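Treat the numbers as computed from the prediction; the structure is a model and nothing was measured. Chain letters run A, B, ... following the sequence lines, proteins first, then strands; residues in each count from 1.
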Amino acid sequence: MGCISALGRGVPALWNGLISGSSGIRPILEFATDGLRNVHAGCIELAPELVELGRSRGIESRLELFATCAIDEALADAGLDPGTLAKRRAALVLGTSLGMSLVAATLRAELLDPGRPDTSGADLALIADRLAKRFHVAEGSTMVLSTACASGTHAIAMARDLLADERCEVVLAGGADSLDRMKYLGHSALGTLTHGVPRPFSRSRDGTLFGEGAAFLVLERDDRRAPGRAYARLRGAGYTTDIHHLTAPDPNGRGAARAIRAALHDARLELDDVDHVNLHGSGTALNDDAEARALIDVFGDRARDLACTSIKPAVGHAMGAAGAIEAVSTVLAIHHGAVPPTLHVTASDLAFPLGVVTERPRRLPLRNAISNSFGFGGANGVVVFGATDGARRPAEGAHA
Amino acid sequence: MTALAITDVGVATAGGATGVSALAAIATWAGAPSRPERPAAEPVASIAIRRRTGLRYLDPVVELGAVALDSMSRDAPSLTSPDCDDFRTGILAATRLGPSSTRQQLYRSLAERRTVSGTLFSNCGYNVAGAVLAKLAGARGPGLTIAAQRGWSERLFRLAGSFFARGQADRFYLSHADGDLAIVLCVEPARGLDPPGDRRQMIVASLAGDPLGADGRVRAPEGAAATRVQIRATPVRLVGETPAWNDDLTFLRLAWWWLASEPSWCGALHVSLE
């Protein structure tokens with residue numbers, strides 16, 4: 001796996017930050033903040049080594065730089081040489097919300113002009129073509145998905161399909177997104193930003209903060225993977241669409257509940273088999289309410305016992321990358337047997353009867369976990385990960 | 001992979017043309033009707049569509065997709081049960097530029113007023129067309145939007161096929177809306193086809209050289225005409241500037257067989273998508 005987020009570059013930086021209760025949210029320095037409802041975000045500092053990486057590999061956009069960092073790390077972690085991808089039946093699936101549109105396609109600050117937006121990245125296929133060339137993935141074997149903030153989760157789910165029908169041996173799947181003034185102004189106008197810090201599922205929640213980054217997972221078929229290398233098994237996925245509103249979820253959480261049920265059915269799991277939920281948990285009043293209703297609808301009283309967490313207060317809502325970063329967190333939670341806390345929330349302030357982990361990590365063996373993502377346009381995506389050993393039922397699956 | 005049956009087709013072009021008129025406005029073929037004049041007024045259909053979506057604003061390309069969906073023949077019986085679960089109908093969309101007009105308005109707004117409209121921002125996502133189509137079709141199942149890269153039509157068919165194979169959906173609307181043209185295909189699993197009678201359906205018998213169906217062959221339903229065509233050889237070509245469509249003409253050719261080749265076939269048409 002590979003990841004870059006507001007908590008730093010690399011999977012260890014993400015996990016260590018989450019477990020220690022750190023936050024990568026900081027004042028925005030990357031773009032002008034006048035007119036914004038909140039001037040903090042989970043922006044990634046372009047340290048000199050990142051700028052040099054971009055320069056040396058001909059990368060101009062933040063999104064491509066983040067994706068490249070995450071893919072580099074994921075390939076190294078999986079013991080794969082980028083040069084070998086061309087020889088194997090490999091695919092690359094990228095989830096992103098607005099892709100390279102509405103963001104400046106340059107890393108050079110002197111060229112950033114908020115009064116003269118960059119329109120060069122409007123073609124959704126552009127980023128895939130660049131990444132395919134960079135990582136020697138055969139033409140026609142890259143796919144870009146855009147389902148708003150469910151994109152990263154859907155990309156990982158899609159990888160499972162590519163492996164299942166035996167067209168691919170290995171799939172790089174994940175999400176990438178970058179933040180810019182245009183996007184933050186848009187979310188500011190929609191009123192989704194908190195006035196303070198995100199407090200998901202608390203009584204005092206009033207919005208979210210955004211972030212940026214990328215995460216990728218290397219997925220291989222059960223029968224093709226190198227022994228002992230897998231962190232977890234990707235067991236199933238569920239997809240539904242709310243047909244309620246372009247930017248608000250179905251208030252009853254029906255679509256979200258159905259996506260969770262579909263994912264568990266796909267994974268051939270019973271409700272009792274699930275120990276952990278990585279929540280969408282954006283911290284907006286409507287989203288959290290709908291997600292809580294969905295979880296209570298599906299799990300009933302057991303929702304109180306599920307170890308649930310939202311990592312968005314720590315890394316920001318990374319939009320199209322969020323589902324992928326949260327998938328990495330979910331896999332690591334299973335791998336380490338620990339659930340990171342939801343920042344800025346105390347047990348006494350919880351608004352719903354859910355087992356939200358607060359204040360400190362909860363350590364427990366995790367057999368299976370789900371990761372939820374819900375996006376604009378009513379896009380709902382849920383993926384199920386399981387431990388590589390000790391799963392109760394055998395199921396078809398791919399390994400991350 | 002599960003064999004697929006195309007059970008309906010909708011086409012719309014900028015200016016409000018649908019059906020064969022829309023095809024003739026954007027493509028040419030032997031015997032094509034003369035290209036229609038573009039109506040000056042906003043088509044009535046789109047006003048009704050806005051009302052049904054409950055949205056005051058629709059990007060032109062999103063509206064085009066909605067008009068194409070709306071133009072489908074509503075009286076065609078479904079291959080699936082009429083009381084089918086709406087969570088088992090989905091939308092699979094492909095686009096390159098998405099709602100580009102809305103994006104341009106955002107750029108102008110930021111440049112001129114240094115502010116961004118919430119309405120425009122919420123309509124600039126690449127998946128907005130799919131979301132609006134889902135609302136119009138009442139499709140609560142899987143809704144995915146992919147980049148219309150080279151070979152996008154094959155990707156959409158394969159995606160539909162894998163959802164069918166896993167039993168997670170019964171019907172998909174496959175859509176591509178970009179520039180001045182939108183085409184929507186209704187796709188269902190070909191398994192369990194009853195004798196179709198007068199029902200028209202295009203059965204995707206092979207995809208990129210892979211024969212479809214469990215036994216590698218798709219049999220023509222009892223009593224159905226079983227015309228076979230190689231879709232690549234279909235003599236239809238785009239006219240004018242439609243850069244987002246030029247990479248893959250499969251949907252256009254399928255639309256031609258459905259809308260313009262009538263009555264040369266009825267019942268089942270087996271198509272090979274190479």
Quick check for you: among [options], which has the greatest number of heavy-atom pairs under 4.5 Å with chain A?
{"options": "B:Arg166, B:Gln168, B:Arg150", "answer": "B:Arg166"}
{"options": "B:Gly118, B:Gly141, B:Ser122", "answer": "B:Gly141"}
{"options": "B:Gly130, B:Ala131, B:Gly138, B:Ala147", "answer": "B:Ala147"}
{"options": "B:Lys135, B:Arg158, B:Gln149", "answer": "B:Gln149"}
{"options": "B:Gly161, B:Ala134, B:Gly125", "answer": "B:Ala134"}
{"options": "B:Ala148, B:Ala139, B:Gly151", "answer": "B:Ala139"}

Relative to chain A, which segment of [X] carries a heavy atom at a distance below 4.5 Å: side chain, backbone, both, or neither?
{"X": "B:Leu120", "result": "neither"}
{"X": "B:Ile91", "result": "neither"}
{"X": "B:Ser162", "result": "side chain"}
{"X": "B:Arg155", "result": "side chain"}

Would B:Leu249 and B:Leu238 count as a side-chain contact (heavy atoms from CB on, under 4.5 Å) here? Give the steps. CA-CA 8 Å; B:Leu249 296 181; B:Leu238 281 168; 3.4 Å; yes
Determine whether the side chains of [X] and [Y] contain a donor N or O and an acceptor N or O closer than 3.5 Å.
{"X": "A:Thr208", "Y": "A:Ser282", "value": "no"}
{"X": "B:Thr13", "Y": "B:Asp180", "value": "no"}
{"X": "B:Glu63", "Y": "B:Tyr57", "value": "no"}
{"X": "A:Ser178", "Y": "A:Glu212", "value": "no"}

Indicate the ring-plane relationship of A:His187 and A:Phe376, choosing parallel, tilted or perpendicular according to the 30° and 60° boundaries.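 Taking A:Phe376 first and then A:His187, their aromatic rings sit tilted (interplane angle of 30° to 60°).
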What class does the angle between the rings of B:Phe163 and B:Phe172 fall in, given that below 30° is parallel, 30 to 60° is tilted and above 60° is perpendicular?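 Ring orientation, 0 to 90° scale: tilted.
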Please tell me if the side chains of B:Asp59 and B:Asn123 come closer than 4.5 Å, counting only heavy atoms from C-beta onward.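 Of all side-chain heavy-atom pairs linking B:Asn123 with B:Asp59, none is under 4.5 Å.
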Heavy-atom distance under 4.5 Å between the side chains of B:Asn127 and B:Leu144, does that happen here?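 No, every pair of side-chain atoms sits at 4.5 Å or beyond.
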In terms of heavy-atom proximity below 4.5 Å to chain B, should [X] be classed as side chain, backbone, both, or neither?
{"X": "A:Thr147", "value": "both"}
{"X": "A:Ala155", "value": "neither"}
{"X": "A:His244", "value": "backbone"}
{"X": "A:Leu246", "value": "side chain"}

Out of [options], which one racks up the most heavy-atom pairs below 4.5 Å with chain B?
{"options": "A:Gly377, A:Ser146, A:Ala164", "result": "A:Ser146"}
{"options": "A:Arg258, A:His154, A:Met143, A:His265", "result": "A:Arg258"}
{"options": "A:Asp242, A:Thr142, A:Asp250, A:Asn380", "result": "A:Thr142"}

Flag the pair B:Phe251 / B:Trp245 as yes when their ring centroid distance falls below 6.0 Å, and as no otherwise.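 Aromatic pair excluded; centres sit 6.0 Å or further apart.
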Smallest separation among heavy atoms of B:Cys124 and A:Leu98, with atom names: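 Between these two residues, the closest heavy atoms are O-CD2, 3.6 Å.
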